[in-house]
Amino acid sequence: MAEKDWDKRTRAVHGGVRRSQYGEVSEALFLTQGFVYDSAEQAEGRFRSLGEDEFIYARYGNPTVRMFEERIAALEGAEDGFATASGMAAVNGALSSMLRAGDHVVSSRALFGSCLYILEEVLTRYGVEVTFVDGADLAQWEAAIRPETKAVFFESVSNPALEIVDIAAVSRLAHAAGATVIVDNVFATPVYSRAIEHGADVVVYSATKHIDGQGRVLGGVILGTREFIRGTVEPYLKHTGGALSPFSAWLLLKGLETMDLRVRAQTASAGQIAATLSGHPRLSRVIYPGLASHPQHELMRAQTGQGGTVLAIDAGSKEAAFALLNALEIWTISNNLGDAKSIATHPATTTHQRLPEDQKAHLGITPGLIRLSVGLEAAEDLIADLAAALDAL
Ligand SMILES: *Cc1c(COP(=O)(O)O)cnc(C)c1O
């Protein structure tokens with residue numbers, strides 16, 4: 001059976017393995033900055049071109065990092081991948097490596113704050129023009145994409161309002177103009193992703209989220225064709241220094257082995273919590289793509305088939321949201337997501353604090369909105385904790 005025919009769960013455990021001469025079971029951690037050469041001639045040869053198992057400097061590549069890149073690429077069904085120090089290094093690397101002054105980018109407006117900073121503040125500084133659209137409105141994408149459009153960028157499920165962008169439809173519009181489709185796919189997770197099959201050219205993950213899933217490290221990865229990864233991304237990243245540490249890559253490799261189990265369990269609990277809270281008299285909204293009430297429930301079913309590990313609730317006001325957060329005993333107040341620990345976040349005052357009020361309102365980041373990232377605790381305990389906090393309001 002060819003490796004490409006393996007189920008995702010098999011690729012997540014065996015993909016990309018490179019064994020050393022010792023035949024270790026668990027992936028070896030090559031905690032080394034560089035590599036020695038047998039001769040000056042060999043060094044000269046490696047700097048000219050690198051073979052499969054040849055490395056020269058960890059900013060360019062490292063065997064443990066390479067195993068992580070190959071495993072996540074196999075999982076996503078991408079030809080190749082480049083691992084980065086964080087999710088933001090991956091978003092910046094994917095965009096900056098391919099764009100130049102005079103290019104045009106169309107992006108959805110509903111973005112994680114740091115993604116918005118790259119598009120609004122960084123790219124424009126270097127002469128790239130950026131047009132923002134409402135990601136769920138195909139007519140706006142169609143109107144904004146034009147012949148000079150070099151790339152389109154969006155979060156397939158937006159943070160924190162959980163709006164879903166139609167990857168297939170936006171890709172069709174972008175490809176008709178010759179533009180590259182770059183998808184930040186964190187909320188979809190590699191477990192449920194079929195982004196490349198739906199038309200995405202480049203898929204970016206913050207590995208800090210579900211891939212590690214245990215709050216230990218920062219990491220990121222850019223996935224795409226071999227030509228894009230090795231020809232466009234690698235030269236940019238190896239010289240600008242966004243490399244992933246081998247230690248972090250090793251933790252992320254171990255994270256990938258259990259990711260499927262974790263994400264499925266977290267998704268099941270998120271569905272249970274959303275169903276229990278929906279219609280609660282103290283909440284004005286319960287947003288979860290897995291609920292039939294979600295405006296893009298059908299699109300979610302076609303795109304990932306699962307509602308995911310995150311939901312959002314609206315307590316109606318900042319005061320009520322803070323009272324709820326402060327009354328929680330099991331849920332932690334923090335700002336990561338995809339973690340084994342359930343985490344509650346108040347986006348308006350933390351992750352999205354810097355957005356102007358009208359932008360927050362436009363994106364549904366209301367004063368009462370709380371993002372809930374569901375972890376691996378017993379769903380009954382998480383529900384009881386929320387119920388008690390809601391009763392105390
Ligand atoms: C967290 C996150 C990022 C950034 O990832 P880091 O690893 O924190 O740099 C980018 N996009 C989305 C959608 C995220 O949730």
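Every residue was checked against the ring pair (Phe, Tyr, Trp, His ring centres under 6.0 Å) condition with His210, not counting sequence neighbours, and none meets it. Applying the ring pair (Phe, Tyr, Trp, His ring centres under 6.0 Å) test to Phe35 and every residue at least two apart in sequence or in another chain returns Phe55. Among residues two or more places apart in sequence or in another chain, the ring pair (Phe, Tyr, Trp, His ring centres under 6.0 Å) test is passed with Trp141 by Phe154. Remark: Phe322 engages His346 in a ring pair (Phe, Tyr, Trp, His ring centres under 6.0 Å) (not counting sequence neighbours).
Note on Glu69 versus Arg230: salt bridge recorded, some NZ/NE/NH1/NH2 to OD/OE distance being below 4.0 Å. Remark: Glu70 engages Arg18 in a salt bridge, criterion side-chain N to carboxylate O under 4.0 Å. Ionic pairing of Asp260 and Lys8 is not present here: no N-O contact between side-chain nitrogen and carboxylate oxygen is shorter than 4.0 angstrom. Comment: Lys341 does not engage Glu377 in a salt bridge, judged by the lack of any side-chain N to carboxylate O separation of less than 4.0 angstrom.
Separation of atoms CD (Glu129) and NZ (Lys150) is listed at 14.5 Å; rounding is to 0.5 Å. In this structure, CE on Met67 lies 12.5 Å from CG on Leu252, to the nearest 0.5 angstrom. Taken from CD in Gln272 to CD1 in Ile383, the straight-line distance is 5.0 Å, to the nearest 0.5 Å.
Sorted by first then second residue, the side chain to side chain donor-acceptor pair (under 3.5 Å) pairs that include residues 319-334, not counting sequence neighbours, number zero. Listed by first and then second residue, the ring pair (Phe, Tyr, Trp, His ring centres under 6.0 Å) pairs that reach into residues 105-128 come to none, sequence neighbours excluded.
Counting only heavy atoms from C-beta outward, the side chains of Val183 and His198 never approach each other to under 4.5 Å.
For the residue pair Ser156/Asn185, the side-chain donor-acceptor check at 3.5 Å is satisfied.
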